[in-house]
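The analysis underlying the following values was restricted to heavy atoms, covering all of them including side chains, and did not include hydrogens, waters or symmetry mates.
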Amino acid sequence: MRRWSVSARSAGCTGPRYDSDLQRGVTVPTLTMHAEDDPTAFVELESAFHDRVARAGRDSLLVQSFTTEHEHSKLATPEYAAQLRAMMGWIADGRKPSVATLTADCAEAQKTYGEACYFDPDFHPQPLASRIYPRRRHRFS
């Protein structure tokens with residue numbers, strides 16, 4: 001008995017592939033936040049992400065922020081609140097946030113959450129090739 005049609009399997013694979021295909025860049029406003037000293041995913045990956053989005057001509061849809069934290073899975077709560085507030089404003093009013101506005105919103109959110117903010121507005125990650133050997137794409141015939 002066939003439970004799954006070929007078209008159902010195809011559709012199940014196409015959606016995730018479309019969402020993760022960075023050849024076209026991002027298609028919606030996108031905020032990223034990454035700890036500079038992330039022990040799991042090094043911060044230079046954000047440089048590669050930015051470059052890929054920029055090559056696709058979509059960097060107007062990307063705002064990247066960095067913190068001086070040493071975590072991967074949970075950064076400071078006021079930072080998440082600032083990101084959410086910024087995204088809501090960007091979507092509702094078209095106001096693209098900056099790291100400066102994220103920092104200001106974070107300072108305001110500190111009053112509610114009682115945690116510090118660690119945004120580092122002057123940080124820019126090094127190229128990915130400074131952390132790993134550059135990779136070549138192989139074409140197979």
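One finds the SG atom of Cys106 at 10.5 Å from the OH atom of Tyr113 (value rounded to the nearest 0.5 Å). Here CG of Asp105 is found 9.5 Å from SG of Cys117. Values are rounded to the nearest 0.5 Å. Asp38 contributes atom CG, which lies 9.0 Å from atom CD of Glu71 (distance to the nearest 0.5 angstrom). Note that the CZ atom of Arg55 and the NE2 atom of His50 stand 10.5 Å from one another [nearest 0.5 Å].
Every residue two or more places apart in sequence or in another chain that forms a ring pair (Phe, Tyr, Trp, His ring centres under 6.0 Å) with Phe123 is listed here: Phe66. Looking at residues two or more places apart in sequence or on another chain, you find no salt bridge (charged side-chain N to carboxylate O under 4.0 Å, His left out) involving Lys74. Listed by chain and residue number, Arg131 satisfy the salt bridge (charged side-chain N to carboxylate O under 4.0 Å, His left out) test with Glu44 (two or more places apart in sequence, or in another chain). Taking Phe42 as the reference, nothing meets the ring pair (Phe, Tyr, Trp, His ring centres under 6.0 Å) condition, with sequence neighbours excluded. Annotation: side chain to side chain donor-acceptor pair (under 3.5 Å) contacts of Asp37 (sequence neighbours excluded): His70.
Here the side chain of Thr30 pairs a donor or acceptor atom with the backbone of Val28 at under 3.5 angstrom. When atom types are taken as modelled, the side chain of Glu69 and the backbone of Ala76 share a donor-acceptor pair closer than 3.5 angstrom. No donor-acceptor pair under 3.5 Å is formed between the side chain of Glu46 and the backbone N or O of Val43.
Nearest approach of Ser130 to Gln126, heavy atoms of both residues: OG-CB, 3.2 Å. Summarising the geometry of Pro29 relative to Met87, their closest heavy-atom pair is O-CE, 3.4 Å, with the distance given to 0.1 Å. Taking both residues in full, the closest heavy atoms of His72 and Pro39 are given as N-CD, 4.1 Å, listed atom of the first, atom of the second, then distance.
A heavy-atom distance below 4.5 Å is found between the side chains of Met33 and Glu79. The shortest side-chain heavy-atom distance between Pro97 and Arg85 does not fall under the 4.5 Å cut-off.
When the side chains of ILVMFWY residues are joined at heavy-atom separations under 4.5 Å, either directly or via intervening members, Ile91 and Val63 end up in a single hydrophobic cluster. When hydrophobic clusters are built by joining Ile, Leu, Val, Met, Phe, Trp and Tyr residues whose side-chain heavy atoms come closer than 4.5 Å, directly or via intermediates, Met88 is not grouped with Leu31. With hydrophobic clusters built from ILVMFWY side chains whose heavy atoms lie under 4.5 angstrom apart, Leu75 shares a cluster with Leu102. When the side chains of ILVMFWY residues are joined at heavy-atom separations under 4.5 Å, either directly or via intervening members, Ile132 and Leu45 end up in a single hydrophobic cluster.
Partner Val26 forms a side chain to side chain contact (heavy atoms under 4.5 Å, CB included) with one of Asp59, Leu61, Thr32 and no other, that one being Leu61.
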Next item on the list: Apply the test side-chain contact (heavy atoms from CB on, under 4.5 Å) to residues His124 and Ser47: give CA-CA distance (whole Å), side-chain angles for both, the deciding distance (0.1 Å), then the verdict.
Entry: CA-CA 8 Å; His124 299 283; Ser47 179; over 6 Å; no

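The number of heavy-atom neighbours closer than 6.0 Å to OH of Tyr80, taken from other residues, nucleotides and ligands shown, is above 12.
Residue pairs meeting the salt bridge (charged side-chain N to carboxylate O under 4.0 Å, His left out) criterion with at least one member in residues 109-129, sequence neighbours excluded, are Glu108-Lys111.
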